[in-house]
Structure formats: structure tokens, C-alpha cells
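What follows is a single structure, written as C-alpha cells, with notes after it.
These numbers come from a predicted model, not from an experiment. In this chain, residues are counted from 1 in sequence order.
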Amino acid sequence: MSELLEKSRKLKQAAKQLGVLSAVEKNDALAKVADHLLTEKEWILSENAKDIEVGKEKGLSPSLLDRLLLTDERIEQIVDGVRQLIHLEDPVGETIEAWVRPNGLKIETVRVPLGVIGMVYEARPNVTVDAGSLCLKAGNAVLLRGSSSAIHSNKALVHVMREALAGTAIPKDSVQLLEDTTRETAAEMFKLNQYLDVLIPRGGAGLIQSVIQNATVPVLETGVGNCHVFIDKTAKKEMAIDIAINAKLHRPSVCNAAETVLLHENWPFVSELLHVLHDKGVELRGSEDLVSSYSFVKEAGEEDWHTEFLAPILAVKLVNNVREAIDHIDQYGTKHSEAIISEDKENVSLFFKTVDAAVLYHNASTRFTDGEQFGYGAEIGISTQKLHARGPMGLKALTTTKAIVQGRGQIRS
């Protein structure tokens, strides 16, 4: 039997046990996972160092190496995410609505786990723990399929999690890592409907599209982040500059980083912002009017407006008004996160009503599109689709519903 089938069968069995556990039992198990991750931190870091070394030898980009890297601080953040989950309300069993029909039937809709979740992701080993702990808290078993670039890190993290689960109410087989990272096995996983209830891809556009186009298992889609910040002519100088810098440079390699700044042509501080970004090492690619005015702005090609750079590169463009900014976002955005910096209430209202994205911001950085920042604890990903869940996906996004109907012998005439 292949590794994929063997582990999938174990997950299916474990999911049956997981679905009936109490919140206390799940929280106790997650607490042990958090503690054990800290206990084994040095070993996890040593395994991560192997991935970093191989990544450098293969010539991975700085942004990919950053995604791959674990540090003391990042492991502590991962552990903090697990501990935050412990304090969140368990969604399983929650009554969403209840009513009584004229014939006396009592109908109640409650939240239940999805079952077995297949998680397909690239590079970032933090997703291994984020996804695993979220799935467990929501009563789901999880098959983790990371990339070969993070195989040592992922094996170490899953080993630690499974060791921690041993002796708790959560079966250790509830978390499995698919160590075979070949495309052939991935393609088989995408069609494993008899064992997997849903697939969640998290990574670049190529990975996400591959899953969407090839899977027969239902896909809960996460999206690429070509995010924009529009600075209106009424934007306050310091606020706009601070937000633009934070959105681009706080962590350029993640999906909620800004990739394009749209500048109202009458905003008085265009030159100052561009110089500040340039001085901070950002490569600026702009429209012709900006190229002709600033020697450090390179001419942007059509591809630049579409690109999720994931690096200190920023597309910049002058626009006449809020409607032109909205049209640009509509043409090039990926429905992830979009921001308007403005003191004009009418423009903000128009932006909110017409821009189609999972998360919209007024006078705030796009970097807040994150499960932890939304109060969800860790996140499973950012959904840019419109079915089931949208935006940062926490515990409730990992549940479905079940209708419970109670009667007194009613039959349908």
C-alpha cells in the first residue's frame, strides 16, 4: 500500500474519533503540542537549517528563503498561535439557528467538522503547525503535503506534534505528513475523494491553479495577493507614508504585502513618498509620467501591474480620481486586500461599495489581513473566493453544517 493511501485511511478513522471530542479534550491536547514545540525548538531549528542550506544551494530567491526560515522568534509566534486557539470558542456543536415548523417539527442547524482536510502548501513550515492545530481544534483530521524545499522542517514539526498528541484524547494519527512530494503522488491526492473531504491549497498562483484544475476533491481556494494601496488627494501625509512603507516593507514576501501604490495626481506629497521608498531600497516601477519625473523610477510593463512581487519591488501609478483607482484595481487585483487612504467620506464609501475583494481597508495597512490579527488565532489561509468562506479563514471556516430535525411521529401527507 502506498504512503498516501495508508496515511489517508488512518486519517479517516481518526476523524471519526475527533468529531466527538469535547472542547476541553482538544484544548488539553493543543496545550501539550505548544509545550512540546518549545521543548524541541533547538532540534526543529537544526532541521530547518538543513532546508535553508539546500535552498541556498538550489538558488532559491531571498523571498522564498525568508518564507522557509524558522527562528527562535518565529517558533515562539507559532506556539503563541496554538495557545491563542486554546482560548477561542470551539465552533463544533454551535447552534446556528433553530425554529419550529407548523407541523411541530423542531429543526436546528449546528456546526460540525468538515472531516479530513488535505492541506497543500509551499515553503512555509509555519503552515504545518498553523494548519494542523486549526484542523484539530475544529475536529478535523489533516493530511499535510508541503513542498520538498521544507521537507526536513515539516518532518520535524509533525513528529513533534504527533509525539505531543500521544496519550491525549486526540489520536496522533489525526495529523499526517505526506513525505512523498512528487507530482505524481500529489495528482493522486487531488482525486482521493473516498478519504479527503476538502483540499486547501496555500502558496503561489501556480500551485493554487494546479489544485483547482486537477482536483476532484472539493477545493477551498486561497488566493494570490496582488494588493493595492490608493492614496487619495486628501490623505494625511505621515499616515499615508507610514501605511505605504508598512504595507510594502514590513514583510515583503507574504501575500498581504502591497504590490502597487496608486497615487492621486493632486496629492501634495507624491515626491516625498517616492523618495522615501527609494531611500529604503524599494525598486519602483511606474507609469510614464513618473518615469519622466524621477530618475530612480523604472518604466512599468503591463506584466508589472499583474505581478505579486513578494520582494522589495513596488509598482506605482498616478491616477486622476478614486474611480480610476477602482478601475485599475478591478482590472489587476486578485480580490485579496485593498486599501484607501483618504479623508473624503464619499470616496471611501464608493471604494467600499465597488471594490471586489475579501478585505477592504480605510486608513490602515493591508498587512492586517491575517488570522491572528483578526482574532482567529492561527489561520488556514486567506480565501479570495466567494463560496463557503472569504478572507482570513479561522476555525469556523473549517466546519460545515448539519440539520437536526426532531419530531413526535410526524409523517408527510
Determine yes or no for a side-chain-to-main-chain donor-acceptor pair under 3.5 angstrom, with E299 supplying the side chain and V291 the backbone. no
What I want to check is whether the side chains of E343 and N363 have a donor and an acceptor closer together than 3.5 Å. yes
Return yes if some donor-acceptor pair links the side-chain N/O of S349 with the main-chain N/O of E346 below 3.5 Å, else return no. no
Under a 4.0 Å N-O cut-off, is there an ion pair linking K41 with E76? yes
Test item: E108 side-chain N/O and A98 main-chain N/O as donor-acceptor pair under 3.5 Å: no
Shortest non-hydrogen contact from D180 toward E3: N-OE1, 3.1 Å
Taking E25 for its side chain and S22 for its backbone only, find out whether a donor-acceptor pair lies under 3.5 Å. yes
Minimal non-hydrogen separation, L398 against C135, with atom names: CD1-N, 3.9 Å
Can you confirm whether more than 12 heavy atoms, excluding those of E288, are under 6.0 Å from its CD atom? no
Are more than 12 heavy atoms, taken from residues, nucleotides or ligands other than E89, located less than 6.0 Å from that residue's CD atom? no
Check whether any side-chain heavy atom of K7 lies under 4.5 Å from a side-chain heavy atom of E179, and answer yes or no. yes
Considering only heavy atoms from C-beta outward, does the side chain of F190 approach that of S210 to under 4.5 Å? yes
Do the side-chain N and O atoms of S253 and D66 include a donor-acceptor pair separated by under 3.5 angstrom? yes
Could you verify whether a donor N or O on one side chain and an acceptor N or O on the other, from T234 and D344, lie under 3.5 Å apart? no
State the CD1-CG distance between I329 and L262, to the nearest 0.5 angstrom. 5.5 Å
Should we count NZ of K402 as having more than 12 external heavy atoms under 6.0 Å? no
Less than 4.0 angstrom from a charged side-chain N to a carboxylate O is my criterion; do K317 and D327 meet it? no
Can any side-chain N or O of K248 pair as donor or acceptor with the backbone N or O of I313 at less than 3.5 Å? yes
With the threshold set at 4.0 Å, does a side-chain nitrogen-carboxylate oxygen contact exist between K50 and E47? yes
Heavy-atom distance under 4.5 Å between the side chains of V33 and L37, does that happen here? yes
So which pairs with a foot in residues 155-167 pass side chain to side chain donor-acceptor pair (under 3.5 Å), sequence neighbours left out? H36-E163, H159-E163, R162-D173
With the side chain counted from C-beta on, respond yes when E265 and N320 share a heavy-atom pair under 4.5 Å apart, and no when they do not. yes
Do the non-hydrogen side-chain atoms of M119 and I380 ever get within less than 4.5 Å of each other? yes
Count the heavy atoms of every other residue, nucleotide or ligand shown that sit under 6.0 Å from CD of E303, and state whether that count exceeds 12. no
Is it true that, when you exclude R323 itself, more than 12 heavy atoms of the residues, nucleotides or ligands shown sit nearer than 6.0 Å to its CZ? no
Return the NZ to CD distance between K386 and E221, rounded to the nearest 0.5 Å. 12.0 Å
With side chains defined as the heavy atoms from C-beta onward, is the minimum distance between R111 and I96 less than 4.5 Å? yes
Donor-acceptor pair, D232 side chain versus N347 backbone, under 3.5 Å? no
Supply the atom-to-atom distance L64 CG to L69 CG, rounded to the nearest 0.5 angstrom. 12.5 Å
Report the distance from atom CG of L88 to atom CG of L30, rounding to the nearest 0.5 Å. 10.5 Å
Angle between ring planes, Y332 versus W305, binned at 30° and 60°: parallel, tilted or perpendicular? tilted
Please evaluate residues L318 and V270 with respect to the criterion side chain to side chain contact (heavy atoms under 4.5 Å, CB included), reporting the C-alpha separation (whole Å), side-chain torsions for both, the decisive distance (0.1 Å), and the verdict. CA-CA 9 Å; L318 293 180; V270 169; 4.2 Å; yes
Do S153 and N48 have side-chain N/O donor and acceptor atoms under 3.5 Å apart? yes
Quick one: ring pair (Phe, Tyr, Trp, His ring centres under 6.0 Å) partners of Y294, sequence neighbours excluded? H275, F296
Side chains of D80 and Q84: is there a donor and an acceptor less than 3.5 Å apart? yes
T128 (side chain) donor-acceptor with P125 (main chain) under 3.5 angstrom: yes
Could you walk me through whether V359 and F374 pass the side chain to side chain contact (heavy atoms under 4.5 Å, CB included) test, one step at a time? CA-CA 11 Å; V359 185; F374 271 45; 4.0 Å; yes
Check: A187 main-chain N/O paired with N214 side-chain donor or acceptor under 3.5 Å: no
Donor-acceptor pair, T334 side chain versus N226 backbone, under 3.5 Å? yes
Carboxylate-amine/guanidinium proximity below 4.0 Å for E283 and R285: yes
Using a distance-only test with no angle check, is there a side-chain donor-acceptor pair under 3.5 angstrom linking K137 and N27? yes
Could you pull out the closest heavy-atom pair between S149 and L60, with the gap in Å? CB-CD1, 4.4 Å
So, does T168 use its side chain to make a donor-acceptor pair with the main chain of L165 at under 3.5 Å? yes
Any side-chain donor near an acceptor of the partner, T369 and N256, under 3.5 Å: no
Please round to the nearest 0.5 Å and tell me the distance separating atom CG of L144 and atom CD of Q176. 9.0 Å
Side chain to side chain, L143 and Y195, heavy atoms closer than 4.5 Å: no
Given side chain to side chain contact (heavy atoms under 4.5 Å, CB included), test L395 with Y376 step by step and report yes or no. CA-CA 7 Å; L395 292 171; Y376 298 160; over 6 Å; no
Could you measure the distance from the CG atom of L220 to the CD1 atom of I117? Nearest 0.5 Å is fine. 8.0 Å
How about H250 and S365: do any of their side-chain heavy atoms sit closer than 4.5 Å? no
Looking only at heavy atoms, the pair that brings S174 and L18 closest together is OG-CD1, 3.5 Å
